[in-house]
Amino acid sequence: MSIGLDDVIAAETVLSHVDGEAGRLIVRGHDLEELAGRVSYEDAVALLWEGFVSLSDPRAALGNGRARAFALLSGLAPRLHGLSPVEGMRLLLAALPDAEPDHAPLAVGAAAVAAAMAVRGAQGLPPIAPDPAAGHAADLLRMLRGEPVEEGDAKALDTYLVTILDHGLNASTFTARVVASTEAGLLSAIVAGLCALKGPLHGGAPGPVLDMLDAIGSTDRAEEWLDAAIARNERLMGFGHRVYRVRDPRADVLKGAVSRLKGRDNRIAFAEAVEEAALRVLARRKPGRRLDTNVEFYTALLLEALGVPRAGFTPLFGAGRTAGWVAHALEQAGTGRIIRPQSRYVGPRPAEAA
Ligand code: ACO
């Protein structure tokens with residue numbers, strides 16, 4: 001028995017493959033490095049959805065999805081008061097009916113609209129309507145910031161969204177597949193995926209990465225601070241992974257994307273120094289564990305550089321990953337088989353309990 005289901009194969013998929021020993025991510029037959037920064041998010045979504053959802057004009061389909069979602073969701077802006085961005089996003093997505101037609105592009109459009117609305121709503125700011133003709137990443141950033149977006153920033157977010165599009169049977173994707181297997185509906189599967197993503201051991205890590213960098217403060221304190229954190233039995237955010245035993249390939253793709261943004265050199269140099277110290281501390285304190293940098297470390301630097309508030313990092317992750325959840329939910333639904341594992345009962349038997 002494996003408590004964390006480490007070695008259990010629970011699905012066959014054509015969507016993506018994580019090779020944890022080689023540090024390689026394959027999406028629909030392509031290495032991540034062939035896609036991120038080279039094809040737009042819209043085209044990457046169309047590639048991922050091949051055979052599940054046909055998009056003749058992916059940019060228009062997602063633009064239309066954003067516009068339809070805004071029409072359905074904008075009236076809920078007052079309800080966001082007092083909620084964190086990820087809670088607000090969860091509320092908004094939960095408000096969408098499962099029976100909406102053309103639900104796959106609607107789900108991705110809604111995730112972008114909901115992420116931006118929820119980040120603004122948490123700051124008491126009103127929602128910004130989408131521009132259906134714009135690129136998905138550029139429009140998401142504009143809806144979030146409420147002002148025009150420079151091409152370089154839009155490109156960096158586009159690279160991020162492609163990088164986190166899909167990633168095997170991670171916790172949120174598995175959750176989405178379980179819900180889809182009950183035929184609950186696509187949007188229900190997406191809401192469930194977001195709920196699983198929210199936790200700090202999964203998609204909730206990048207905000208705490210910046211908190212950790214703040215607490216460390218300066219390069220010369222890094223090793224001592226990190227060592228003390230491990231001594232307190234804390235986990236270093238942005239390090240370790242259930243599948244990767246080497247460096248997560250997404251880390252370098254995102255490090256490259258943030259390096260191309262202007263004015264980030266000092267911040268990147270500091271982060272690199274902390275990363276090196278963390279890897280030394282982990283190798284010393286957790287020998288044999290093979291813990292390395294994961295996607296969240298440079299996600300944090302990238303989203304910080306784009307001016308996204310920390311509490312908005314997980315909603316943006318969810319906005320990008322929704323297309324992956326959609327594909328997995330449709331693939332799972334196609335099997336026609338409910339996911340229903342078994343547990344081993346270790347409680348008392350009735351005679352013993354009496
Ligand atoms: N810092 C310190 N120790 C760690 C870390 C870490 N980041 N990650 C794992 N370990 C330790 C565990 O405490 C455990 O040690 P022990 O056996 O002495 O108790 C050992 O390494 C086991 O590790 P794994 O089995 O490889 O880890 P697991 O698969 O259980 O957890 C996880 C993976 C949850 C990602 C973990 O590495 C972690 O908590 N990382 C920090 C949070 C984080 O960055 N999350 C984002 C992950 S990427 C993503 O989901 C998008």
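Along the sequence shown, the residues carry numbers beginning at 1. Numbering of ligands and ligand atoms starts at 1, following listing order. Because only heavy atoms are used, hydrogens play no part in the values below, and waters and symmetry mates are left out as well, while side chains stay in.
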Original post:
How does V295 reach ligand 1, by side chain, by backbone, by both or by neither, if only non-hydrogen atoms under 4.0 Å count?
Top reply: side chain

Original post:
So, R290 side chain and P287 main chain: donor-acceptor pair closer than 3.5 Å or not?
Top reply: no

**OP:** Examine the proximity of ligand 1 to R245 and report which part, side chain or backbone, both or neither, has a heavy atom under 4.0 Å away.
**Re:** side chain

**OP:** Applying side-chain contact (heavy atoms from CB on, under 4.5 Å) between D227 and each of R280, R232, R285, report the one that passes.
**Re:** R285

**OP:** Measure E296 to ligand 1 on non-hydrogen atoms and call it side chain, backbone, both or neither using the 4.0 Å cut-off.
**Re:** side chain

Original post:
Nearest protein heavy atom to atom 25 (O) of ligand 1: under 4.0 Å?
Top reply: no

**OP:** Report the part of R235 in contact with ligand 1, treating N, CA, C, O as backbone and CB onward as side chain, heavy atoms under 4.0 Å; options are side chain, backbone, both, neither.
**Re:** both

Subject >> ligand 1 versus L201: contacting region, heavy-atom distance under 4.0 Å >> reply: both

Subject >> Residue, atom name and distance, where the atom is the protein heavy atom closest to atom 50 (O) of ligand 1 >> reply: H202 ND1, 2.8 Å

Subject >> Residue and atom name of the nearest protein heavy atom (relative to atom 41 (C) of ligand 1), distance in Å to one decimal >> reply: F239 O, 3.4 Å

Original post:
If only atom types and distance count, is the side chain of D248 paired as donor or acceptor with the main-chain N or O of T293 below 3.5 Å?
Top reply: no

**OP:** Just jot down the ligand 1 atoms closer than 4.0 angstrom to any heavy atom of G238, in number order.
**Re:** 43 (C), 44 (O)

Original post:
Is it the side chain (CB and beyond), the backbone, both or neither of L291 that lies under 4.0 Å from ligand 1, heavy atoms counted?
Top reply: side chain

Original post:
If two hydrophobic side chains count as joined below 4.5 Å and joins carry through other members, does L72 share a cluster with V326?
Top reply: yes

Original post:
Hey, are D139 and R142 close enough for a salt bridge, meaning a charged N less than 4.0 Å from a carboxylate O?
Top reply: yes

Subject >> Sidechain-backbone polar pair: D31 side chain, E33 backbone, donor-acceptor under 3.5 Å >> reply: no

**OP:** Around atom 22 (C) of ligand 1, find the nearest protein heavy atom and jot down its residue, atom name and distance.
**Re:** R289 CD, 4.2 Å

Original post:
Of all heavy-atom pairs between A154 and A137, which one has the smallest distance, and what is that distance?
Top reply: O-CB, 3.7 Å

Original post:
Do any nitrogen or oxygen atoms of M237 lie less than 3.5 angstrom from nitrogen or oxygen atoms of ligand 1?
Top reply: no

Original post:
Quick one: nearest non-hydrogen protein atom to atom 6 (C) of ligand 1, plus distance?
Top reply: L236 N, 3.5 Å

Original post:
Going by the order shown, which atoms of ligand 1 are within less than 4.0 Å of some heavy atom of F317?
Top reply: 51 (C)

Subject >> For atom 29 (O) of ligand 1, the protein heavy atom that lies nearest, with its residue and separation >> reply: R242 NE, 2.5 Å

Subject >> Part of N170 with heavy atoms under 4.0 Å of ligand 1, whether side chain, backbone, both or neither >> reply: neither

Subject >> ligand 1 atoms in contact with I230 (distance to a heavy atom under 4.0 Å) >> reply: 2 (C)

Original post:
Which residue from G240, A205, A251 reaches closest to atom 35 (C) of ligand 1 through any of its heavy atoms?
Top reply: G240

Original post:
Heavy atom of F297 under 4.0 Å from ligand 1?
Top reply: no

Original post:
Judged by atom type as modelled, is there a donor-acceptor pair below 3.5 Å linking the side chain of R242 to the main-chain atoms of G4?
Top reply: yes

Original post:
Do other residues, nucleotides or ligands put more than 12 heavy atoms under 6.0 Å from the CZ atom of R340?
Top reply: no

**OP:** Using a 4.0 Å heavy-atom cut-off, say whether K286 meets ligand 1 through its side chain, its backbone, both or neither.
**Re:** side chain

Original post:
Under the 3.5 angstrom rule, does the side chain of R28 hit a backbone N or O of E50 as a donor-acceptor pair?
Top reply: yes

**OP:** Ignoring hydrogens and angles, tell me if any N or O in the side chain of R221 forms a donor-acceptor pair with the backbone of A215 under 3.5 Å.
**Re:** yes

Subject >> Option among M143, H136, R68 that satisfies the side-chain contact (heavy atoms from CB on, under 4.5 Å) test with P130 >> reply: M143

**OP:** Specify the protein heavy atom at minimum distance from atom 47 (C) of ligand 1: its residue, its atom name, and the distance to 0.1 Å.
**Re:** N294 ND2, 3.5 Å

Original post:
Do the rings of H167 and Y244 sit parallel, tilted or perpendicular, given the 30° and 60° boundaries?
Top reply: tilted

Original post:
What atoms of ligand 1 come closer than 4.0 angstrom to any heavy atom of L282?
Top reply: 1 (N), 2 (C)

